[in-house]
Amino acid sequence: MISLKNPQQIAEMKEAGRITAEAMAAAVEAVKEGISTWDLDRVIRHRIENCGARPTFLGYGGFPGSACISVNNEVIHGIPSRRRILHEGDIVKIDVGAFYRGFTGDMARTVPVGRISEEAQRLIDVTRESFECGAAAFVAGGRLGDIGSAIQTRVESEGFSVVRRYVGHGVGHELHEDPDVPNYGTAGRGPRLQVGMTLAIEPMVNAGTYEVTVDRRDGWTVRTADGRLSAHHENSVALTEDGPVILTAVYD
Ligand code: MG
């Protein structure tokens, strides 16, 4: 069941989103050659806890980190590790949520480490642009398929592919609420988009095949099946009377 939020609840979600975005900003600033993904996770955890919030991902389904940190061919759900050191040319995906006063935020960014390849930069740019296309299609009276279709069209026009196995989702009191929000689909299909919906719109874009594998040993890390690069861009977005509003942003 899709839970609609009233303006007061959306205002409260903005607070959780602001803390999420502040933790992200701190992590992005800390990304540099030689840092471990565990160190980045500590930066995120401290920032969230200093705001009086709690990292939503910590313990979620047994996840051991405060954030998912995935490098290069890792798509999502990378586990922070002291042994995972960032090197120049890497792209690192940081996925984080802060739980605050009953609501959570959820956002992801892909960050370059020093100088990166032209293809890696293009992948990051197209992924962000595809998010913007998806968010722009999140309008009252539209259909859920409009969002996925807008994302898929942008991504595939650049020769990249959209991950099928993992999708965006509703977000609110819970990290994962109804509905699923695929990053692919057919415009004009699916549930009607309504004011009060709050969605995590999150294209996961691969340079090569959209097929992915899950690490058998840790049970979490999702990688591209062909070993090529992947990028991720996510925000929690509310549909208000004034149109879509990004919740995971820093507002004054
Ligand atoms: Mg998400």
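Quantities reported herein were computed from a predicted structural model and do not represent experimental measurements.
- T209 and D226 share no donor-acceptor pair across their side chains, judged by distance under 3.5 Å alone.
- No chain of hydrophobic side-chain contacts below 4.5 Å, direct or via other Ile, Leu, Val, Met, Phe, Trp or Tyr residues, connects L123 to Y210.
- A cation-pi arrangement is present between R164 and Y184, with the terminal nitrogen or guanidinium carbon under 6.0 Å from the aromatic centre and inside a 45° cone about the axis.
- Residues S36 and R82 come closest through the heavy atom pair CB-O, 3.6 Å.
- Here the CG atom belonging to D90 is positioned 7.0 Å from the CZ atom belonging to R84, to the nearest 0.5 angstrom.
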(request) Walk me through it: do R101 and E12 pass the test salt bridge (Lys or Arg N to Asp or Glu O under 4.0 Å)? (result) CA-CA 8 Å; R101 296 186 178 171; E12 288 168 17; over 6 Å; no
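- Within the 4.5 Å cutoff, the side chain of V245 has no heavy atoms near those of the I10 side chain.
- Counting only heavy atoms from C-beta outward, the side chains of R223 and V212 never approach each other to under 4.5 Å.
- Here the side chains of W220 and V214 are not in contact, with every heavy-atom distance at 4.5 Å or above.
- Residues S149 and D146 bring no donor and acceptor atom of their side chains to less than 3.5 Å of each other.
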(message) I'd like to know whether K93 forms a side chain to side chain contact (heavy atoms under 4.5 Å, CB included) with R109, so could you lay out the CA-CA distance, the side-chain angles of the two residues, the decisive distance to 0.1 Å, and finally the verdict.
(response) CA-CA 6 Å; K93 281 132 284 183; R109 291 290 184 272; over 6 Å; no
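- Residues V155 and L199 are members of one and the same hydrophobic cluster, defined by side-chain heavy-atom contacts under 4.5 angstrom among Ile, Leu, Val, Met, Phe, Trp and Tyr.
- E202 and H169 share a donor-acceptor pair across their side chains, judged by distance under 3.5 Å alone.
- A distance of 8.5 Å separates CE of M204 from OG of S230, quoted to the nearest 0.5 Å.
- Side-chain heavy atoms closer than 4.5 Å link hydrophobic residues (I, L, V, M, F, W, Y) into clusters, and following such links, even through other members, never connects L86 to I91.
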(request) For R18 and E15, run salt bridge (Lys or Arg N to Asp or Glu O under 4.0 Å): C-alpha distance rounded to whole Å, both residues' side-chain angles, the deciding distance at 0.1 Å, then the answer. (result) CA-CA 5 Å; R18 178 182 56 78; E15 285 300 298; 2.9 Å; yes
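- Between D106 and S236, some side-chain heavy-atom pair lies under the 4.5 Å cut-off.
- Around CD of Q121, the count of heavy atoms belonging to other residues, nucleotides or ligands within 6.0 Å exceeds 12.
- Under the 4.5 Å side-chain criterion, counting only non-hydrogen atoms from C-beta, T198 is in contact with L247.
- Between F99 and P55, the closest side-chain pair of non-hydrogen atoms is not below 4.5 Å.
- We find the CD1-OG1 distance between I201 and T248 to be 10.0 Å, quoted to the nearest 0.5 Å.
- Under the 4.5 Å side-chain heavy-atom criterion for Ile, Leu, Val, Met, Phe, Trp and Tyr, F131 and V205 are members of the same hydrophobic cluster.
- Looking at L193 and M197, their side chains come closer than 4.5 Å, going by heavy atoms from C-beta outward.
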(request) Take E234 and R128 through the salt bridge (Lys or Arg N to Asp or Glu O under 4.0 Å) test and state the conclusion after the steps. (result) CA-CA 8 Å; E234 175 181 29; R128 189 192 60 245; over 6 Å; no
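- Note: H77 and Y166 have perpendicular aromatic rings, judged against thresholds of 30 and 60 degrees for the angle between ring planes.
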(message) If you apply the rule side chain to side chain contact (heavy atoms under 4.5 Å, CB included), what do you find for Y100 with T20, and how did you get there?
(response) CA-CA 9 Å; Y100 184 69; T20 303; over 6 Å; no
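- Scanning both residues, P112 and V31, for their nearest heavy atoms gives O-CG1, 4.0 Å.
- Taken to the nearest 0.5 Å, the CD1 atom of I2 stands 7.5 Å off from the CG atom of L4.
- Put simply, the side chain of T224 does not reach to within 4.5 Å of the side chain of L229, judged on heavy atoms.
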